[in-house]
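Notes follow the structure.
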Protein chains: 2
Amino acid sequence: MKAPARPIRRATLHHSAVEELRAMILDGELPPGVRVPEVQLCEQLGISRTPLREALRVLSSEGLVELRPHRGAIVAPVDPGEIGAIFEVMDALERLAGTLACRNGSDAEFTKLDRMHDQLVTQHEAGERAAYFLTNRQIHAQIVAMARNPALEATYAGFAAKILRARSLANYDTGRWQESVDEHEGFMAAFRRRDAEEAGALLADHSRRTAVAVIQALRQPAVQEGGAVASAAPMDVD
Amino acid sequence: MKAPARPIRRATLHHSAVEELRAMILDGELPPGVRVPEVQLCEQLGISRTPLREALRVLSSEGLVELRPHRGAIVAPVDPGEIGAIFEVMDALERLAGTLACRNGSDAEFTKLDRMHDQLVTQHEAGERAAYFLTNRQIHAQIVAMARNPALEATYAGFAAKILRARSLANYDTGRWQESVDEHEGFMAAFRRRDAEEAGALLADHSRRTAVAVIQALRQPAVQEGGAVASAAPMDVD
DNA sequence: AATTATAATATTGTATACAATTTGGCACGG
DNA sequence: CCGTGCCAAATTGTATACAATATTATAATT
(Lines give C-alpha, C1' and ligand atoms only; values in the text may rest on other atoms or scores of the structure.)
Protein backbone atom coordinates (compact mmCIF):
# COMPACT_ATOMS: atom_id res chain seq x y z
CA MET A 1 0.00 0.00 0.00
CA LYS A 2 2.83 2.34 0.78
CA ALA A 3 4.85 1.19 -2.20
CA PRO A 4 5.42 4.16 -4.47
CA ALA A 5 5.08 4.14 -8.22
CA ARG A 6 8.75 3.56 -8.87
CA PRO A 7 10.07 0.21 -7.68
CA ILE A 8 13.31 1.53 -6.27
CA ARG A 9 15.24 -0.93 -4.21
CA ARG A 10 15.72 0.28 -0.69
CA ALA A 11 18.68 -1.72 0.31
CA THR A 12 19.42 0.14 3.52
CA LEU A 13 19.20 -1.74 6.77
CA HIS A 14 17.15 0.85 8.55
CA HIS A 15 14.49 0.66 5.87
CA SER A 16 14.35 -3.10 6.11
CA ALA A 17 14.19 -2.77 9.87
CA VAL A 18 11.20 -0.44 9.61
CA GLU A 19 9.27 -2.92 7.50
CA GLU A 20 10.30 -5.84 9.68
CA LEU A 21 9.33 -4.13 12.92
CA ARG A 22 6.09 -2.78 11.50
CA ALA A 23 5.13 -6.26 10.40
CA MET A 24 6.01 -7.64 13.82
CA ILE A 25 3.84 -5.03 15.50
CA LEU A 26 0.90 -5.48 13.16
CA ASP A 27 1.13 -9.25 13.43
CA GLY A 28 0.90 -8.95 17.18
CA GLU A 29 4.31 -10.48 17.60
CA LEU A 30 5.14 -7.33 19.51
CA PRO A 31 1.99 -6.69 21.49
CA PRO A 32 1.04 -3.18 22.66
CA GLY A 33 2.75 -1.96 25.75
CA VAL A 34 5.79 -4.21 25.68
CA ARG A 35 9.16 -2.63 25.98
CA VAL A 36 11.42 -2.74 22.97
CA PRO A 37 14.95 -3.47 24.18
CA GLU A 38 17.32 -2.28 21.52
CA VAL A 39 20.16 -4.72 21.97
CA GLN A 40 17.89 -7.72 22.02
CA LEU A 41 16.18 -6.74 18.78
CA CYS A 42 19.56 -5.95 17.28
CA GLU A 43 20.87 -9.46 17.58
CA GLN A 44 17.45 -10.80 16.64
CA LEU A 45 17.50 -8.85 13.38
CA GLY A 46 21.22 -9.22 12.95
CA ILE A 47 21.88 -5.50 12.72
CA SER A 48 23.51 -2.85 14.84
CA ARG A 49 21.84 -0.34 17.09
CA THR A 50 22.17 2.60 14.72
CA PRO A 51 19.80 1.43 11.96
CA LEU A 52 17.47 -0.07 14.56
CA ARG A 53 17.16 3.22 16.37
CA GLU A 54 16.50 5.04 13.13
CA ALA A 55 13.73 2.56 12.45
CA LEU A 56 12.25 3.18 15.88
CA ARG A 57 12.11 6.92 15.22
CA VAL A 58 10.22 6.33 12.00
CA LEU A 59 7.75 4.00 13.66
CA SER A 60 7.29 6.54 16.40
CA SER A 61 6.44 9.11 13.76
CA GLU A 62 3.87 6.67 12.42
CA GLY A 63 2.43 6.26 15.88
CA LEU A 64 3.20 2.57 16.23
CA VAL A 65 5.78 2.93 18.98
CA GLU A 66 6.14 5.41 21.80
CA LEU A 67 9.51 6.88 22.67
CA ARG A 68 10.12 7.88 26.25
CA PRO A 69 13.42 9.72 26.53
CA HIS A 70 15.99 7.75 28.49
CA ARG A 71 13.32 5.25 29.38
CA GLY A 72 13.19 3.14 26.29
CA ALA A 73 10.60 2.59 23.60
CA ILE A 74 7.37 0.66 23.94
CA VAL A 75 4.92 -0.57 21.37
CA ALA A 76 2.19 2.05 21.37
CA PRO A 77 -0.72 0.94 23.53
CA VAL A 78 -4.12 0.77 21.88
CA ASP A 79 -6.39 3.36 23.39
CA PRO A 80 -10.09 2.73 22.66
CA GLY A 81 -10.69 6.46 22.68
CA GLU A 82 -8.01 6.96 20.09
CA ILE A 83 -9.50 4.21 17.96
CA GLY A 84 -12.80 6.03 18.10
CA ALA A 85 -11.13 9.20 16.92
CA ILE A 86 -9.35 7.34 14.16
CA PHE A 87 -12.60 5.87 12.93
CA GLU A 88 -14.17 9.32 12.82
CA VAL A 89 -11.48 10.32 10.35
CA MET A 90 -11.67 6.97 8.62
CA ASP A 91 -15.35 7.49 7.88
CA ALA A 92 -14.50 10.67 6.02
CA LEU A 93 -11.68 8.96 4.16
CA GLU A 94 -13.88 6.06 3.11
CA ARG A 95 -16.48 8.46 1.82
CA LEU A 96 -13.88 10.35 -0.13
CA ALA A 97 -12.39 7.14 -1.49
CA GLY A 98 -15.77 5.91 -2.68
CA THR A 99 -16.61 9.18 -4.37
CA LEU A 100 -13.25 9.51 -6.08
CA ALA A 101 -13.16 5.87 -7.09
CA CYS A 102 -16.40 6.33 -8.98
CA ARG A 103 -14.98 9.37 -10.67
CA ASN A 104 -11.52 8.05 -11.50
CA GLY A 105 -11.68 4.28 -11.60
CA SER A 106 -11.34 2.51 -14.93
CA ASP A 107 -13.92 0.03 -16.17
CA ALA A 108 -11.34 -2.72 -15.87
CA GLU A 109 -10.86 -1.84 -12.22
CA PHE A 110 -14.58 -1.88 -11.58
CA THR A 111 -14.76 -5.29 -13.20
CA LYS A 112 -11.96 -6.49 -10.97
CA LEU A 113 -13.75 -5.04 -7.97
CA ASP A 114 -16.84 -7.00 -8.93
CA ARG A 115 -14.85 -10.20 -9.07
CA MET A 116 -13.34 -9.52 -5.67
CA HIS A 117 -16.78 -8.91 -4.26
CA ASP A 118 -18.06 -12.20 -5.68
CA GLN A 119 -15.14 -13.92 -4.02
CA LEU A 120 -16.00 -12.19 -0.76
CA VAL A 121 -19.57 -13.42 -0.87
CA THR A 122 -18.44 -16.93 -1.68
CA GLN A 123 -16.02 -16.95 1.22
CA HIS A 124 -18.71 -15.66 3.53
CA GLU A 125 -21.10 -18.41 2.51
CA ALA A 126 -18.37 -20.98 2.99
CA GLY A 127 -17.58 -19.58 6.41
CA GLU A 128 -13.95 -19.11 5.50
CA ARG A 129 -13.32 -16.37 7.96
CA ALA A 130 -9.61 -15.79 7.44
CA ALA A 131 -9.90 -15.74 3.65
CA TYR A 132 -12.87 -13.41 3.94
CA PHE A 133 -10.92 -10.94 6.04
CA LEU A 134 -8.09 -10.90 3.56
CA THR A 135 -10.38 -10.35 0.59
CA ASN A 136 -12.20 -7.67 2.50
CA ARG A 137 -9.00 -5.76 3.07
CA GLN A 138 -8.05 -6.12 -0.55
CA ILE A 139 -11.41 -4.75 -1.64
CA HIS A 140 -11.04 -1.63 0.44
CA ALA A 141 -7.48 -1.20 -0.71
CA GLN A 142 -8.65 -1.53 -4.29
CA ILE A 143 -11.29 1.16 -3.81
CA VAL A 144 -8.72 3.50 -2.31
CA ALA A 145 -6.33 2.78 -5.17
CA MET A 146 -9.06 3.60 -7.67
CA ALA A 147 -9.41 7.03 -6.08
CA ARG A 148 -6.09 7.97 -7.72
CA ASN A 149 -4.94 9.98 -4.75
CA PRO A 150 -1.56 9.10 -3.20
CA ALA A 151 -2.12 11.36 -0.20
CA LEU A 152 -5.39 9.61 0.55
CA GLU A 153 -3.78 6.24 0.01
CA ALA A 154 -0.95 6.89 2.44
CA THR A 155 -3.18 8.37 5.11
CA TYR A 156 -5.66 5.57 4.73
CA ALA A 157 -2.94 2.96 5.07
CA GLY A 158 -1.72 4.51 8.30
CA PHE A 159 -5.12 4.50 9.93
CA ALA A 160 -5.93 1.04 8.60
CA ALA A 161 -2.81 -0.27 10.29
CA LYS A 162 -3.80 1.12 13.66
CA ILE A 163 -7.31 -0.20 13.33
CA LEU A 164 -5.95 -3.59 12.33
CA ARG A 165 -3.85 -3.66 15.46
CA ALA A 166 -6.81 -2.77 17.63
CA ARG A 167 -8.83 -5.58 16.14
CA SER A 168 -6.24 -8.19 16.86
CA LEU A 169 -6.87 -7.45 20.52
CA ALA A 170 -10.61 -7.81 20.40
CA ASN A 171 -13.02 -10.66 19.88
CA TYR A 172 -15.01 -9.56 16.91
CA ASP A 173 -18.75 -10.03 17.09
CA THR A 174 -19.67 -12.77 14.66
CA GLY A 175 -23.18 -11.45 14.41
CA ARG A 176 -21.86 -8.46 12.55
CA TRP A 177 -20.53 -10.59 9.74
CA GLN A 178 -23.79 -10.94 7.85
CA GLU A 179 -24.56 -7.28 8.36
CA SER A 180 -21.16 -6.32 6.99
CA VAL A 181 -21.68 -8.41 3.86
CA ASP A 182 -25.02 -6.74 3.30
CA GLU A 183 -23.38 -3.36 3.49
CA HIS A 184 -20.81 -4.49 0.96
CA GLU A 185 -23.66 -5.46 -1.34
CA GLY A 186 -25.05 -1.98 -0.86
CA PHE A 187 -22.06 0.06 -1.87
CA MET A 188 -21.18 -2.37 -4.64
CA ALA A 189 -24.60 -1.67 -6.14
CA ALA A 190 -23.84 2.03 -5.97
CA PHE A 191 -20.46 1.41 -7.59
CA ARG A 192 -22.07 -0.44 -10.45
CA ARG A 193 -24.28 2.58 -11.02
CA ARG A 194 -21.17 4.81 -10.73
CA ASP A 195 -23.17 6.78 -8.16
CA ALA A 196 -20.30 8.66 -6.51
CA GLU A 197 -22.26 10.37 -3.77
CA GLU A 198 -24.19 7.27 -2.80
CA ALA A 199 -21.13 5.03 -2.87
CA GLY A 200 -19.25 7.44 -0.65
CA ALA A 201 -22.15 7.76 1.74
CA LEU A 202 -22.59 4.00 2.02
CA LEU A 203 -18.88 3.44 2.54
CA ALA A 204 -18.82 6.05 5.29
CA ASP A 205 -21.83 4.46 6.91
CA HIS A 206 -20.20 1.05 6.62
CA SER A 207 -17.11 2.42 8.31
CA ARG A 208 -19.15 4.00 11.07
CA ARG A 209 -20.98 0.76 11.82
CA THR A 210 -17.71 -1.10 11.80
CA ALA A 211 -16.36 1.38 14.30
CA VAL A 212 -19.24 0.72 16.68
CA ALA A 213 -18.68 -3.01 16.44
CA VAL A 214 -14.94 -2.80 16.90
CA ILE A 215 -15.11 -0.44 19.85
CA GLN A 216 -17.67 -2.63 21.48
CA ALA A 217 -15.44 -5.63 20.89
CA LEU A 218 -12.56 -3.77 22.49
CA ARG A 219 -14.49 -3.68 25.73
CA GLN A 220 -14.41 -7.47 25.74
CA PRO A 221 -10.73 -8.26 25.22
CA ALA A 222 -9.90 -11.36 23.25
CA VAL A 223 -9.12 -14.54 25.12
CA GLN A 224 -5.39 -15.18 24.95
CA GLU A 225 -4.99 -18.58 23.40
CA GLY A 226 -1.83 -20.61 23.75
CA GLY A 227 1.20 -18.61 24.72
CA ALA A 228 1.29 -14.91 25.23
CA VAL A 229 0.15 -13.26 22.04
CA ALA A 230 -3.30 -13.00 20.55
CA SER A 231 -4.19 -14.50 17.19
CA ALA A 232 -1.18 -14.60 14.95
CA ALA A 233 -2.93 -13.69 11.72
CA PRO A 234 -4.09 -10.07 11.68
CA MET A 235 -7.53 -9.67 10.24
CA ASP A 236 -9.49 -6.81 8.90
CA VAL A 237 -13.22 -6.82 8.75
CA ASP A 238 -15.33 -3.95 7.50
CA MET B 1 -0.40 21.76 17.15
CA LYS B 2 1.52 18.59 17.65
CA ALA B 3 2.06 19.27 21.36
CA PRO B 4 0.49 16.48 23.37
CA ALA B 5 -1.57 16.93 26.48
CA ARG B 6 1.29 16.35 28.88
CA PRO B 7 4.03 18.95 28.74
CA ILE B 8 6.89 16.49 28.91
CA ARG B 9 10.29 17.91 28.19
CA ARG B 10 11.88 16.34 25.19
CA ALA B 11 15.48 17.04 25.80
CA THR B 12 16.90 14.70 23.20
CA LEU B 13 18.94 16.19 20.41
CA HIS B 14 17.27 14.26 17.65
CA HIS B 15 13.88 15.59 18.71
CA SER B 16 15.15 19.14 18.76
CA ALA B 17 16.74 18.54 15.38
CA VAL B 18 13.42 17.40 13.94
CA GLU B 19 11.69 20.56 15.08
CA GLU B 20 14.55 22.75 13.93
CA LEU B 21 14.78 21.18 10.50
CA ARG B 22 11.02 21.16 10.04
CA ALA B 23 10.92 24.86 10.84
CA MET B 24 13.75 25.52 8.43
CA ILE B 25 11.94 23.67 5.67
CA LEU B 26 8.58 25.32 6.33
CA ASP B 27 10.19 28.73 6.53
CA GLY B 28 11.72 28.21 3.15
CA GLU B 29 15.20 28.42 4.59
CA LEU B 30 15.71 25.01 3.03
CA PRO B 31 13.90 25.31 -0.28
CA PRO B 32 12.51 22.24 -2.08
CA GLY B 33 14.98 20.24 -4.07
CA VAL B 34 18.15 21.33 -2.32
CA ARG B 35 20.49 18.67 -1.08
CA VAL B 36 20.86 18.27 2.65
CA PRO B 37 24.55 17.65 3.39
CA GLU B 38 24.75 15.96 6.74
CA VAL B 39 28.09 17.22 7.96
CA GLN B 40 27.31 20.82 7.10
CA LEU B 41 24.03 20.78 9.00
CA CYS B 42 25.73 19.01 11.86
CA GLU B 43 28.16 21.82 12.58
CA GLN B 44 25.42 24.34 11.86
CA LEU B 45 23.19 22.79 14.53
CA GLY B 46 26.11 21.90 16.74
CA ILE B 47 25.25 18.21 16.90
CA SER B 48 26.67 14.96 15.63
CA ARG B 49 25.58 13.00 12.62
CA THR B 50 23.68 10.36 14.57
CA PRO B 51 20.85 12.52 15.92
CA LEU B 52 20.72 14.47 12.67
CA ARG B 53 20.25 11.33 10.64
CA GLU B 54 17.52 10.15 12.97
CA ALA B 55 15.81 13.48 12.42
CA LEU B 56 16.07 13.10 8.65
CA ARG B 57 14.38 9.71 8.83
CA VAL B 58 11.48 11.20 10.77
CA LEU B 59 11.10 14.07 8.33
CA SER B 60 11.19 11.60 5.49
CA SER B 61 8.36 9.72 7.15
CA GLU B 62 6.47 13.00 7.29
CA GLY B 63 7.13 13.56 3.61
CA LEU B 64 9.18 16.72 4.01
CA VAL B 65 12.48 15.25 2.85
CA GLU B 66 13.29 12.55 0.36
CA LEU B 67 15.94 9.95 1.08
CA ARG B 68 17.85 8.51 -1.83
CA PRO B 69 20.04 5.64 -0.64
CA HIS B 70 23.72 6.46 -0.89
CA ARG B 71 22.86 9.61 -2.75
CA GLY B 72 21.94 11.91 0.09
CA ALA B 73 18.71 13.53 1.19
CA ILE B 74 16.93 16.39 -0.50
CA VAL B 75 14.11 18.60 0.67
CA ALA B 76 11.03 17.07 -0.89
CA PRO B 77 10.06 18.92 -4.06
CA VAL B 78 6.59 20.37 -4.23
CA ASP B 79 4.59 18.60 -6.86
CA PRO B 80 1.46 20.52 -7.96
CA GLY B 81 -0.29 17.26 -8.61
CA GLU B 82 0.44 16.10 -5.10
CA ILE B 83 -0.84 19.38 -3.73
CA GLY B 84 -4.07 18.82 -5.58
CA ALA B 85 -4.39 15.38 -4.05
CA ILE B 86 -3.64 16.76 -0.61
CA PHE B 87 -6.34 19.36 -0.96
CA GLU B 88 -8.85 16.69 -1.93
CA VAL B 89 -8.19 15.05 1.42
CA MET B 90 -8.02 18.42 3.15
CA ASP B 91 -11.55 19.26 1.98
CA ALA B 92 -12.84 16.17 3.72
CA LEU B 93 -10.86 16.95 6.86
CA GLU B 94 -12.14 20.52 6.98
CA ARG B 95 -15.70 19.30 6.66
CA LEU B 96 -15.17 16.80 9.43
CA ALA B 97 -13.52 19.42 11.62
CA GLY B 98 -16.39 21.84 11.17
CA THR B 99 -18.99 19.23 11.93
CA LEU B 100 -17.22 17.91 15.01
CA ALA B 101 -16.37 21.39 16.26
CA CYS B 102 -20.06 22.24 16.34
CA ARG B 103 -20.76 19.07 18.23
CA ASN B 104 -17.91 19.18 20.71
CA GLY B 105 -16.78 22.77 21.07
CA SER B 106 -17.50 24.59 24.30
CA ASP B 107 -19.31 27.91 24.41
CA ALA B 108 -16.13 29.56 25.61
CA GLU B 109 -14.32 28.24 22.57
CA PHE B 110 -16.99 29.51 20.24
CA THR B 111 -16.73 32.91 21.88
CA LYS B 112 -13.00 32.85 21.36
CA LEU B 113 -13.51 31.84 17.76
CA ASP B 114 -15.79 34.83 17.30
CA ARG B 115 -13.14 37.15 18.67
CA MET B 116 -10.55 35.67 16.36
CA HIS B 117 -12.85 36.17 13.43
CA ASP B 118 -13.43 39.81 14.36
CA GLN B 119 -9.70 40.25 14.45
CA LEU B 120 -9.43 38.65 11.04
CA VAL B 121 -11.94 41.06 9.55
CA THR B 122 -10.20 44.02 11.12
CA GLN B 123 -6.86 42.92 9.73
CA HIS B 124 -8.37 42.43 6.32
CA GLU B 125 -9.85 45.92 6.31
CA ALA B 126 -6.53 47.34 7.45
CA GLY B 127 -4.75 45.46 4.71
CA GLU B 128 -2.39 43.81 7.18
CA ARG B 129 -1.64 40.84 5.08
CA ALA B 130 0.90 39.07 7.25
CA ALA B 131 -1.16 39.46 10.41
CA TYR B 132 -4.23 38.28 8.54
CA PHE B 133 -2.50 35.12 7.39
CA LEU B 134 -1.41 34.33 10.90
CA THR B 135 -4.87 34.89 12.37
CA ASN B 136 -6.35 32.82 9.59
CA ARG B 137 -4.16 29.88 10.42
CA GLN B 138 -4.98 30.22 14.09
CA ILE B 139 -8.69 30.19 13.32
CA HIS B 140 -8.49 26.98 11.37
CA ALA B 141 -6.30 25.44 14.03
CA GLN B 142 -8.84 26.49 16.65
CA ILE B 143 -11.66 24.84 14.72
CA VAL B 144 -9.68 21.63 14.42
CA ALA B 145 -8.88 21.73 18.13
CA MET B 146 -12.55 22.14 18.94
CA ALA B 147 -13.27 18.92 17.07
CA ARG B 148 -11.67 17.05 19.99
CA ASN B 149 -10.02 14.50 17.77
CA PRO B 150 -6.26 14.01 18.11
CA ALA B 151 -6.06 11.83 15.01
CA LEU B 152 -7.73 14.53 12.95
CA GLU B 153 -5.53 17.17 14.49
CA ALA B 154 -2.30 15.37 13.66
CA THR B 155 -3.34 14.49 10.13
CA TYR B 156 -4.57 18.01 9.52
CA ALA B 157 -1.30 19.48 10.76
CA GLY B 158 0.70 17.30 8.41
CA PHE B 159 -1.26 18.33 5.36
CA ALA B 160 -1.37 21.97 6.43
CA ALA B 161 2.41 21.97 6.58
CA LYS B 162 2.76 20.69 3.05
CA ILE B 163 0.22 23.18 1.77
CA LEU B 164 2.00 25.96 3.59
CA ARG B 165 5.24 25.02 1.88
CA ALA B 166 3.57 25.01 -1.52
CA ARG B 167 2.19 28.47 -0.92
CA SER B 168 5.52 29.95 -0.07
CA LEU B 169 6.51 29.14 -3.62
CA ALA B 170 3.53 30.75 -5.29
CA ASN B 171 2.32 34.28 -5.74
CA TYR B 172 -1.07 34.23 -4.20
CA ASP B 173 -3.86 35.93 -6.07
CA THR B 174 -4.81 39.05 -4.15
CA GLY B 175 -8.23 39.07 -5.74
CA ARG B 176 -9.09 35.98 -3.74
CA TRP B 177 -8.63 37.78 -0.44
CA GLN B 178 -12.05 39.41 -0.32
CA GLU B 179 -13.70 36.20 -1.47
CA SER B 180 -11.93 34.27 1.26
CA VAL B 181 -13.11 36.66 3.94
CA ASP B 182 -16.65 36.32 2.69
CA GLU B 183 -16.40 32.56 3.00
CA HIS B 184 -15.15 32.97 6.55
CA GLU B 185 -18.22 35.08 7.26
CA GLY B 186 -20.31 32.26 5.87
CA PHE B 187 -19.08 29.40 7.99
CA MET B 188 -18.87 31.62 11.06
CA ALA B 189 -22.57 32.27 10.69
CA ALA B 190 -23.14 28.53 10.56
CA PHE B 191 -20.98 28.11 13.65
CA ARG B 192 -23.04 30.65 15.55
CA ARG B 193 -26.12 28.63 14.72
CA ARG B 194 -24.23 25.46 15.72
CA ASP B 195 -25.29 24.08 12.36
CA ALA B 196 -22.82 21.21 12.11
CA GLU B 197 -23.70 20.02 8.62
CA GLU B 198 -23.73 23.49 7.14
CA ALA B 199 -20.53 24.53 8.86
CA GLY B 200 -18.76 21.44 7.60
CA ALA B 201 -20.07 21.92 4.08
CA LEU B 202 -19.01 25.56 3.98
CA LEU B 203 -15.57 24.75 5.34
CA ALA B 204 -15.10 22.04 2.73
CA ASP B 205 -16.21 24.42 0.04
CA HIS B 206 -13.87 27.06 1.37
CA SER B 207 -11.02 24.57 1.25
CA ARG B 208 -11.90 23.55 -2.29
CA ARG B 209 -11.91 27.13 -3.52
CA THR B 210 -8.63 27.74 -1.76
CA ALA B 211 -7.19 24.74 -3.54
CA VAL B 212 -8.16 26.13 -6.91
CA ALA B 213 -6.54 29.45 -6.12
CA VAL B 214 -3.37 27.90 -4.74
CA ILE B 215 -2.90 25.48 -7.62
CA GLN B 216 -3.44 28.27 -10.08
CA ALA B 217 -0.89 30.36 -8.22
CA LEU B 218 1.56 27.47 -8.41
CA ARG B 219 1.52 27.76 -12.16
CA GLN B 220 2.91 31.27 -11.81
CA PRO B 221 5.89 30.77 -9.50
CA ALA B 222 6.72 33.57 -7.12
CA VAL B 223 9.37 36.03 -8.15
CA GLN B 224 12.52 35.26 -6.23
CA GLU B 225 13.39 38.42 -4.38
CA GLY B 226 16.86 39.09 -3.07
CA GLY B 227 19.04 36.02 -2.83
CA ALA B 228 17.93 32.53 -3.54
CA VAL B 229 14.99 31.76 -1.31
CA ALA B 230 11.40 32.81 -1.65
CA SER B 231 9.61 34.92 0.94
CA ALA B 232 10.97 34.27 4.38
CA ALA B 233 7.68 34.40 6.27
CA PRO B 234 5.43 31.46 5.45
CA MET B 235 1.81 32.43 5.14
CA ASP B 236 -1.44 30.60 5.15
CA VAL B 237 -4.51 31.92 3.54
CA ASP B 238 -7.80 30.06 3.39
C1' DA C 1 36.82 14.63 -30.89
C1' DA C 2 33.64 11.75 -28.52
C1' DT C 3 32.89 7.98 -25.53
C1' DT C 4 33.85 4.70 -22.29
C1' DA C 5 36.67 2.71 -18.69
C1' DT C 6 38.95 3.51 -14.52
C1' DA C 7 40.52 5.53 -10.42
C1' DA C 8 40.28 9.14 -6.83
C1' DT C 9 37.28 11.66 -3.91
C1' DA C 10 33.48 12.60 -1.24
C1' DT C 11 29.39 11.33 1.02
C1' DT C 12 26.42 8.14 2.93
C1' DG C 13 25.53 3.64 5.72
C1' DT C 14 26.86 0.98 9.63
C1' DA C 15 29.21 -0.43 13.76
C1' DT C 16 31.30 0.42 18.03
C1' DA C 17 32.81 3.16 21.97
C1' DC C 18 31.78 6.62 25.35
C1' DA C 19 28.60 9.73 28.17
C1' DA C 20 24.29 10.70 30.46
C1' DT C 21 20.10 9.42 32.60
C1' DT C 22 16.91 6.33 34.74
C1' DT C 23 15.80 2.50 37.70
C1' DG C 24 16.22 -0.66 41.39
C1' DG C 25 18.14 -1.87 45.65
C1' DC C 26 20.03 -0.95 50.09
C1' DA C 27 21.22 1.46 54.08
C1' DC C 28 20.06 4.93 57.21
C1' DG C 29 16.98 7.72 59.81
C1' DG C 30 12.32 8.86 61.32
C1' DC D 1 7.39 -0.22 59.84
C1' DC D 2 7.78 3.36 56.43
C1' DG D 3 10.05 7.08 54.02
C1' DT D 4 14.30 9.31 52.26
C1' DG D 5 18.73 9.53 50.27
C1' DC D 6 22.47 7.46 48.02
C1' DC D 7 24.85 4.12 45.21
C1' DA D 8 25.25 0.58 41.48
C1' DA D 9 23.64 -1.56 37.37
C1' DA D 10 21.49 -1.26 33.12
C1' DT D 11 19.79 1.08 29.22
C1' DT D 12 19.41 4.86 26.36
C1' DG D 13 21.58 9.10 23.93
C1' DT D 14 25.49 10.77 21.46
C1' DA D 15 29.87 10.88 19.20
C1' DT D 16 33.35 8.97 16.46
C1' DA D 17 35.56 5.54 13.51
C1' DC D 18 35.22 2.35 9.77
C1' DA D 19 33.01 0.33 5.43
C1' DA D 20 30.37 0.72 1.24
C1' DT D 21 28.51 3.19 -2.51
C1' DA D 22 27.96 7.02 -5.75
C1' DT D 23 30.00 10.92 -8.08
C1' DT D 24 33.55 13.29 -10.50
C1' DA D 25 37.66 13.75 -12.94
C1' DT D 26 41.08 11.72 -15.73
C1' DA D 27 42.81 9.15 -19.35
C1' DA D 28 42.88 5.84 -22.86
C1' DT D 29 40.72 3.96 -26.93
C1' DT D 30 37.93 4.09 -31.07
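The basis for the numbers below is simple: all heavy atoms, side chains too, and nothing from hydrogens, waters or symmetry mates. Just so we're on the same page: letters track the sequence lines, and every chain starts at 1. Everything quoted here is computed from the prediction, not taken from an experiment.
Rounded to a whole Å, the CD atom of B:E54 is 8 Å from the P atom of D:dG13. Taking atom CG of B:L13 as the reference point, atom C1' of C:dA20 lies 11 Å away to the nearest angstrom. Atom CG of A:L56 and atom C1' of D:dG13 are 13 Å apart (whole Å). The distance between atom CD1 of B:I74 and atom P of C:dT11, rounded to the nearest whole Å, is 17 Å. For the pair B:L52 CG and D:dT14 C1', the computed distance is 13 Å after rounding to whole Å. Per the geometry, CZ belonging to A:R53 stands 10 Å off C1' belonging to D:dT11, to the nearest Å. In this structure, CZ of A:R68 is placed 11 Å from C1' of C:dT22, rounded to the nearest angstrom. Rounded to a whole Å, the NE2 atom of B:H15 is 12 Å from the P atom of D:dG13.
A side-chain donor-acceptor contact under 3.5 Å links B:T135 to the backbone of B:A131. With hydrogens and angles disregarded, a donor-acceptor distance shorter than 3.5 Å links the side chain of A:T111 to the backbone of A:D107. Remark: the backbone N or O of A:L56 is not paired with any side-chain donor or acceptor of A:S60 at under 3.5 angstrom.
Checking the phosphate oxygens (OP1, OP2) of D:dG13, a side-chain nitrogen or oxygen of A:R57 falls inside 4.0 Å. The phosphate of C:dA20 (OP1 or OP2) has no side-chain N or O of A:R71 nearer than 4.0 angstrom.
Residues forming a side-chain hydrogen bond (donor to acceptor under 3.5 Å, both in side chains) with A:E88 (at least two apart in sequence, or on another chain): B:N149. Residues satisfying the salt bridge (Lys or Arg N to Asp or Glu O under 4.0 Å) criterion with A:R208, sequence neighbours excluded, are A:D205.
Near-neighbour residues of DNA chain C inside residues 32-41 of chain B, defined by a heavy atom below 4.0 Å, number-ordered: B:R35, B:V36, B:P37, B:E38.
By the 4.5 Å heavy-atom criterion applied to side chains, B:R148 and B:L100 are not counted as neighbours.
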Please tabulate the protein-to-nucleotide N/O contacts below 3.5 Å involving nucleotides 16-20 of chain D, giving atom names and distances.
from   : atom 1 : to    : atom 2 : distance (Å)
D:dT16 : O4     : B:T50 : OG1    : 3.3

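Between B:I215 and B:G84 the shortest heavy-atom distance is CD1-CA, 3.7 Å.
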Which donor-acceptor pairs under 3.5 Å do side chains of residues 33-46 of chain B form with protein atoms, sequence neighbours excluded?
from  : atom 1 : to    : atom 2 : distance (Å)
B:E38 : OE1    : B:R49 : NE     : 2.8
B:E38 : OE1    : B:R49 : NH2    : 3.0
B:E38 : OE2    : B:R53 : NH1    : 2.8

Please list, one pair per line, the donor and acceptor atoms closer than 3.5 Å that link side chains of residues 74-81 of chain B to other protein atoms, with sequence neighbours excluded.
from  : atom 1 : to    : atom 2 : distance (Å)
B:D79 : OD1    : B:G81 : N      : 3.2
B:D79 : OD2    : B:E82 : N      : 3.4

